[in-house]
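Letters go in sequence order (proteins before strands), and every chain restarts at 1. Values reported hereafter were calculated over all heavy atoms of this structure, with side chains retained and with hydrogens, waters and symmetry mates removed.
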Amino acid sequence: MPELAKAYEPQQVEDRLYAKWQDEGLFKANPKSGRPAYSIVMPPPNVTGKLHLGHVLNNTVQDILCRKARMEGKEVLWLPGTDHAGLATQTMVEKQIRQTEKKTRHDFTREEFIERVWQWKEEFGGIITSQLRKIGCSCDWSRERFTMDTDYERAVQEVFVKLHREGLIYRGKRMVNWCPASLTAISDEEVIPQKQKGFLYHVRYELVETPGQFLEVATTRPETIMADVALAVKPGGKWAHLVGKKAWRPLHREQIPIIADEAVEEGFGTGVLKVTPAHDKVDYEIGKRHHLPVLDILTPNAKINDPGDHDAAELHGLDRFDARKRASELLSERGLLVKEESYENNVGFSERANVPIEPRLSEQWFLKYPNIPEALALVQKGHVKFYPEHWTKVYEHWLENIQDWCISRQIWWGHRVPVWYKDGEKEICQIESPGPGWEQDPDSLDTWFSSWLWAYETMRTEDGTRQKFYPTSALVTGPDIIFLWVARMLIAGLHFKPNGTKETEEKTLAANLAFKDVYYTGLIRDKQGRKMSKQLGNSPDPLDLIAQYGADGLRFGLVRIAPQGQDIRFDEKQIEEGRNFCNKLWNICRFRAMQGEIDSNAEPWKHPRTIFSNELLDRLHIVLQGESSVKQALDRYKFSEAANVLYDFVWNDFASRFVEAAKSDFAQADSPTRAGTLATFDYVMSHVLRLLHPFAPFVTEELWGNLGFSTLSIQAALWPTQSPRPKDGSSRAQEIYTSADLGRQLRGEVKLPSNQRVPFYLVPSSLITKDHPLTDEQNAVLAAFLNATTIEILDQAPANPGPKAFTPLGDLYLPATGLVDPTVERDRLTKELAKTEKDLEQTRRKLGDANMLAKAPPAKVEEWRALEISLTEKEKSLRAALEKLG
RNA sequence: GCGCGGUUAGCUCAGUGGUAGAGCACUACAUUGACACUGUAGGGGUCACAGGUUCAAACCCUGUAUCGCGCACCA
């Protein structure tokens with residue numbers, strides 16, 4: 001057996017083991033396998049992305065699920081890949097070209113530019129997947145997919161053609177969210193509302209029929225006044241008498257009608273609304289209702305486009321925000337600005353470019369979502385389960401208020417819209433060019449229009465992968481993409497039925513669910529609770545953390561603080577704890593290795609055992625099968641709970657108690673229980689390593705091999721689900737542990753230095769019957785825990801008793817003389833007496849309440865009675881001791 | 001405005017009706033043959049607030065405050 005290093009050194013282990021796993025093909029999924037399938041598709045990270053803590057958490061959770069499933073004997077497919085991230089990638093490559101060659105995308109042909117993006121992807125696109133390997137992800141890299149793979153691209157276009165044929169995809173001129181920085185439309189889901197400080201400008205519009213009279217309008221956007229085509233007031237409201245009259249538009253002066261429309265709220269602003277159909281969604285609707293013209297005065301990059309010789313001509317060509325300022329100055333100069341009021345409102349920002357979006361009328365492709373009622377029913381009927389469950393409300397709300405999806409983007413990098421035009425009128429939707437003279441639509445598709453096929457399109461192979469592994473078992477993702485991805489993947493499964501139709505509706509559904517369980521991770525925030533972002537620089541690089549604490553430390557630390565459905569406040573201390581835990585585990589095993597060969601098939605049941613072995617086996621049973629077992633926790637996707645159960649078991653039950661007790665046994669070569677203790681040690685260690693493997697794959701694999709449990713990977717070992725409970729009870733072990741705690745407290749309270757070894761005296765309580773006195777072995781263990789020279793068993797209290805602890809075993813005394821300062825001792829006793837009296841009072845109050853006695857369960861009442869007796873006894877004894885001290 | 005989630009020790013958080021918990025941080029002691037990435041002990045809490053249900057409430061109900069998130073509105 002190789003000698004283990006004094007501390008676990010992850011750097012020596014991780015890369016070597018990962019390479020070995022890869023070489024042995026342990027992560028490869030075999031669709032021909034007879035084992036039950038378990039599958040997860042990885043939410044594809046952005047190909048331009050770099051690993052951040054969110055990825056670490058998300059992928060660690062997936063890895064836990066997959067490694068556990070493998071150990072349960074399932075055939076596991078964890079399918080990795082990356083997303084072409086149309087706009088983000090295009091922007092990044094454009095930036096690079098601008099910096100290195102001082103060129104823009106328009107200096108290239110579309111084909112040339114796309115070629116450059118591919119070059120970039122070949123060079124840098126593998127960064128994030130190599131980083132995922134560093135954290136130990138057990139995905140099947142031989143099946144890695146990219147949303148721009150040839151097959152995948154074709155599938156996306158096929159889907160477009162199909163939906164077009166079904167009339168669900170259509171082209172239309174509509175108000176869309178326009179990003180003036182990226183020069184493309186984006187979907188509603190990619191618009192992030194943000195609070196903006198600005199002004200509400202109160203502007204006077206002169207009435208045409210009654211010069212000198214004005215109508216006051218409040219607006220946040222005076223730069224769009226030139227596009228006003230009407231003023232609207234509330235029907236039947238206080239301005240109703242003006243309906244049908246006209247007002248002078250104050251910039252680019254012209255007459256515009258005054259109309260009445262229900263959209264106007266009298267309580268807001270001045271109760272008069274300027275109607276600018278080209279630049280506001282509500283106004284556009286009003287315009288349609290009243291057959292008003294649409295005057296567009298903004299260029300695609302949001303500069304004023306209102307040329308010609310008019311009174312606001314100087315605004316032409318200005319950026320929208322400069323124009324806003326200048327417009328207000330112009331109005332002010334003309335005496336038409338009543339006031340500028342400070343104002344905060346919500347403005348939609350483009351998620352990608354982080355600039356305010358412009359509502360803009362443009363020709364775009366839209367998808368009318370199919371299968372909405374079915375998608376709702378999926379979740380409501382429990383075919384798909386969300387963890388935590390409360391996200392179902394969000395899902396339902398979105399589906400119930402769903403709008404058509406704007407799927408076209410004015411970008412080059414992505415899946416091109418498979419529609420062809422000729423002579424400006426003929427239009428054909430098909431993948432290949434219909435022939436000479438036909439031109440393809442220049443738009444590309446929203447990246448999410450490709451990712452919504454991810455769950456099954458990635459499994460399109462000849463070898464039966466999809467039949468074996470689709471529907472997938474679980475999806476692990478963030479709640480921020482419930483709409484963008486989760487809901488749409490479910491809809492895609494429902495509509496395209498990738499696994500075909502079966503004889504019944506129920507079976508068709510079951511075969512075509514994208515996934516059965518969805519686990520939403522929390523968002524990782526910094527110590528102050530802020531979102532992590534590049535701008536703030538508050539996001540630690542996971543690779544730095546791995547270098548410092550090891551991948552297992554990072555994984556375990558993160559999972560342990562990530563309760564289901566809660567955001568996580570990240571603190572590096574927590575990763576340190578993860579590392580420390582790995583080291584603890586390492587050292588337990590190291591200690592065991594020092595005691596001789598390990599029996600990989602140890603059966604503690606065959607040997608005589610100490611009560612301490614039994615106690616540990618009992619605790620293991622609870623960890624495996626109890627109400628708060630690892631299994632219970634993982635079945636409910638409570639990863640942090642499972643990690644904490646293991647943490648507690650390993651650190652406290654195993655290391656602090658069992659190992660310490662075992663030392664007494666190992667100290668004597670001819671101990672009758674030595675073999676049993678070793679077997680218990682090996683047996684529990686084997687279980688612990690296996691249980692921890694999904695959480696901390698490297699250290700467990702390394703120990704598994706080094707200790708000689710098997711020459712095979714620990715991943716080939718069985719996931720433990722049960723372990724018998726020792727028949728002979730272990731209450732004595734608990735009594736000793738508790739007594740040891742109390743005795744140590746006593747030592748602390750009288751300020752004995754922890755290295756000072758002293759004798760103790762024990763007067764066993766009557767409950768420790770004469771039939772079960774403390775054995776020599778038990779005595780030795782207790783003495784070791786207490787750092788006692790001896791524990792002398794007495795029939796009655798010593799004539800001159802020292803400080804005393806009340807323990808389950810009886811009264812435990814320190815020697816009376818020499819050790820303790822009487823003042824310190826008096827303080828200690830007084831304090832303990834006060835606490836005892838308080839507890840006693842509380843208990844007596846309960847027992848004195850007839851109502852309570854009558855209605856509480858008898859078992860509880862018994863507990864209280866027993867408590868009262870022992871507290872009374874303790875109180876009496878404390879008083880006596882105090883009296884003696886004088 | 002609607003919905004969701006939170007408010008428990010200095011910090012991060014467990015805790016689904018029966019004497020308030022863990023880790024970290026802090027303090028003291030300890031370098032004893034697994035581990036200083038350690039061990040032992042200690043101090044530290046009106047469980048946000050107010051009502052209600054109950055024999056009994058951190059926990060269940062109602063309301064309030066406050067923080068965060070989402071949706072809608074956004075002249």
Point to revise | pair A:Phe666-A:Thr677: side-chain heavy atoms closer than 4.5 Å | key: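 Yes - at least one pair of side-chain heavy atoms lies under 4.5 Å apart.
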Practice item. State whether the side chain of A:Arg592 and the backbone N or O of A:Gly596 hold a donor-acceptor pair below 3.5 Å, judged by distance alone. Key: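 Yes; at least one donor-acceptor contact below 3.5 Å.
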**Study point:** C1' atoms of B:A36 and B:C29, separation to the nearest Å
**Key:**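 Pairwise C1' distance, B:A36 against B:C29, rounds to 14 Å.
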**Study point:** Partners meeting salt bridge (charged side-chain N to carboxylate O under 4.0 Å, His left out) with A:Lys339 (sequence neighbours left out)
**Key:**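 With neighbours one apart ignored, the set is empty.
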**Study point:** Pi-cation contact, A:Phe591 with A:Lys663 (under 6.0 Å, within 45°)
**Key:**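 Output yes; distance and angle both within limits.
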Point to revise | Over-ring placement of A:Arg579 relative to A:Tyr549, 6.0 Å and 45° cut-offs | key: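 So A:Arg579 doesn't make the cation-pi contact.
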Point to revise | Whole-Å P distance, B:G52 and B:G39 | key: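 Those two atoms are separated by 48 Å.
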Exercise for review: Say whether, by atom type as modelled, one donor and one acceptor occur between the side chain of A:Gln11 and the main chain of A:Ala547 under 3.5 angstrom.
Suggested key: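 Checking the backbone N and O of A:Ala547 against the side chain of A:Gln11, a donor-acceptor pair under 3.5 Å is found.
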Point to revise | Protein-nucleotide distance (A:Gln574, atom CD; B:G23, atom C1'), rounded to Å | key: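 My rounded result for the distance is 9 Å.
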Point to revise | Distance, rounded to the nearest Å, where A:Tyr647 contributes OH and B:A14 contributes C1' | key: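 My rounded result for the distance is 14 Å.
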Exercise for review: Return the set of residues passing side chain to side chain donor-acceptor pair (under 3.5 Å) with A:Lys281 (not counting sequence neighbours), or none when no residue passes.
Suggested key: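 Per chain and number, A:Lys281 pairs via side chain to side chain donor-acceptor pair (under 3.5 Å) with A:Asn177.
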Point to revise | For atom CZ of A:Phe760 and atom C1' of B:U40, their distance in whole Å | key: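 Roughly 12 Å, once rounded to whole Å.
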Exercise for review: Determine, for nucleotides 41-47 of chain B in 5'-to-3' order, which nucleotides have protein heavy atoms under 4.0 Å from the base (write B), from only the sugar-phosphate (write S), or from neither (write -).
Suggested key: SSS----
Check your understanding: Given atom CD of A:Gln194 and atom P of B:G70, what is their separation to the nearest angstrom?
Key ->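 Result: 10 Å.
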Distances for protein N/O vs nucleotides 72-75 of chain B N/O pairs under 3.5 angstrom?
{"unit_1": "B:C73", "atom_1": "N4", "unit_2": "A:Asn346", "atom_2": "ND2", "d": "2.8"}
{"unit_1": "B:C74", "atom_1": "O2", "unit_2": "A:Asn346", "atom_2": "N", "d": "2.9"}
{"unit_1": "B:C74", "atom_1": "O2", "unit_2": "A:Asn346", "atom_2": "O", "d": "2.8"}
{"unit_1": "B:C74", "atom_1": "N3", "unit_2": "A:Asn346", "atom_2": "O", "d": "3.2"}
{"unit_1": "B:A75", "atom_1": "OP1", "unit_2": "A:Asp280", "atom_2": "OD2", "d": "3.3"}
{"unit_1": "B:A75", "atom_1": "O3'", "unit_2": "A:Thr220", "atom_2": "N", "d": "3.2"}
{"unit_1": "B:A75", "atom_1": "O2'", "unit_2": "A:Ala218", "atom_2": "O", "d": "2.2"}
{"unit_1": "B:A75", "atom_1": "N6", "unit_2": "A:Ala263", "atom_2": "O", "d": "3.4"}
{"unit_1": "B:A75", "atom_1": "N6", "unit_2": "A:Glu265", "atom_2": "N", "d": "3.0"}
{"unit_1": "B:A75", "atom_1": "N1", "unit_2": "A:Glu265", "atom_2": "N", "d": "3.2"}
{"unit_1": "B:A75", "atom_1": "N1", "unit_2": "A:Glu265", "atom_2": "O", "d": "3.2"}

Check your understanding: Which residues in residues 844-858 of chain A have at least one heavy atom lying under 4.0 Å from any atom of RNA chain B?
Key ->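 Nucleic-acid contacts, sorted: A:Lys846, A:Asp849, A:Asn851, A:Met852, A:Lys855, A:Ala856, A:Pro857.
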Practice item. Would you kindly give the CH2-to-P distance between A:Trp864 and B:G17, to the nearest whole Å? Key: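 Checked: the CH2 to P distance equals 15 Å.
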**Study point:** Contact nearer the 5' end of RNA chain B, comparing A:Lys860 with A:Lys393
**Key:**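 Taking each residue's closest nucleotide, the earlier one in sequence belongs to A:Lys393.
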Review point. On a whole-Å scale, what distance lies between the C1' atoms belonging to B:A9 and B:C2?
Key: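 To the nearest whole Å, 36 Å.
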Practice item. Assign the ring pair A:Tyr369 / A:Trp405 to parallel, tilted or perpendicular, where the plane angle (0 to 90°) is split at 30° and 60°. Key: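 Ring orientation of A:Tyr369 relative to A:Trp405: parallel.
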Point to revise | Distance, C1' atom - from B:G21 to B:A34, rounded to whole angstrom | key: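 Comparing C1' positions in B:A34 and B:G21 gives a spacing of 29 Å.
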Practice item. Spell out protein contact along nucleotides 30-37 of chain B as letters: B when the base is contacted, S when just the sugar-phosphate is, - when no protein heavy atom is under 4.0 Å; keep the 5' to 3' order. Key: SS--BBSB
Practice item. Output yes when a side-chain donor or acceptor of A:Glu190 lies under 3.5 Å from a complementary backbone atom of A:Ser187, and no otherwise. Key: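 Judged by distance alone, yes, a pair lies under 3.5 Å.
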Practice item. Rounded to the nearest angstrom, tell me the gap between atom CH2 in A:Trp391 and atom P in B:G70. Key: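 Those two atoms, CH2 and P, are 9 Å apart.
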Exercise for review: Could you verify whether a donor N or O on one side chain and an acceptor N or O on the other, from A:Lys874 and A:Thr872, lie under 3.5 Å apart?
Suggested key: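 No - no donor-acceptor pair under 3.5 Å links their side chains.
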Practice item. Specify whether A:Phe483 and A:Trp398 have parallel, tilted or perpendicular ring planes, treating 30° as the upper limit for parallel and 60° as the lower limit for perpendicular. Key: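 Correct class here is parallel.
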Point to revise | Separation of B:G68 C1' from A:Ile524 CD1 (nearest whole Å) | key: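 It is 17 Å, rounded to the nearest whole Å.
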Point to revise | Separation of atom NZ in A:Lys751 from atom C1' in B:U40, rounded to whole Å | key: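 Answer to the nearest Å: 13 Å.
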**Study point:** Plane angle bin for A:Phe658 and A:Phe654 - parallel if under 30°, tilted between 30 and 60°, otherwise perpendicular
**Key:**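 Correct class here is tilted.
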Review point. Are the side chain of A:Asp283 and the backbone of A:Pro277 linked by a donor-acceptor contact shorter than 3.5 Å?
Key: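 Flag not set: sc A:Asp283 to bb A:Pro277 has no pair under 3.5 Å.
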Exercise for review: Give me the ring orientation class for A:Phe581 and A:Phe556: parallel if the planes are under 30° apart, tilted from 30 to 60°, perpendicular past 60°.
Suggested key: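 Rings of A:Phe581 and A:Phe556: parallel, as their planes differ by under 30°.
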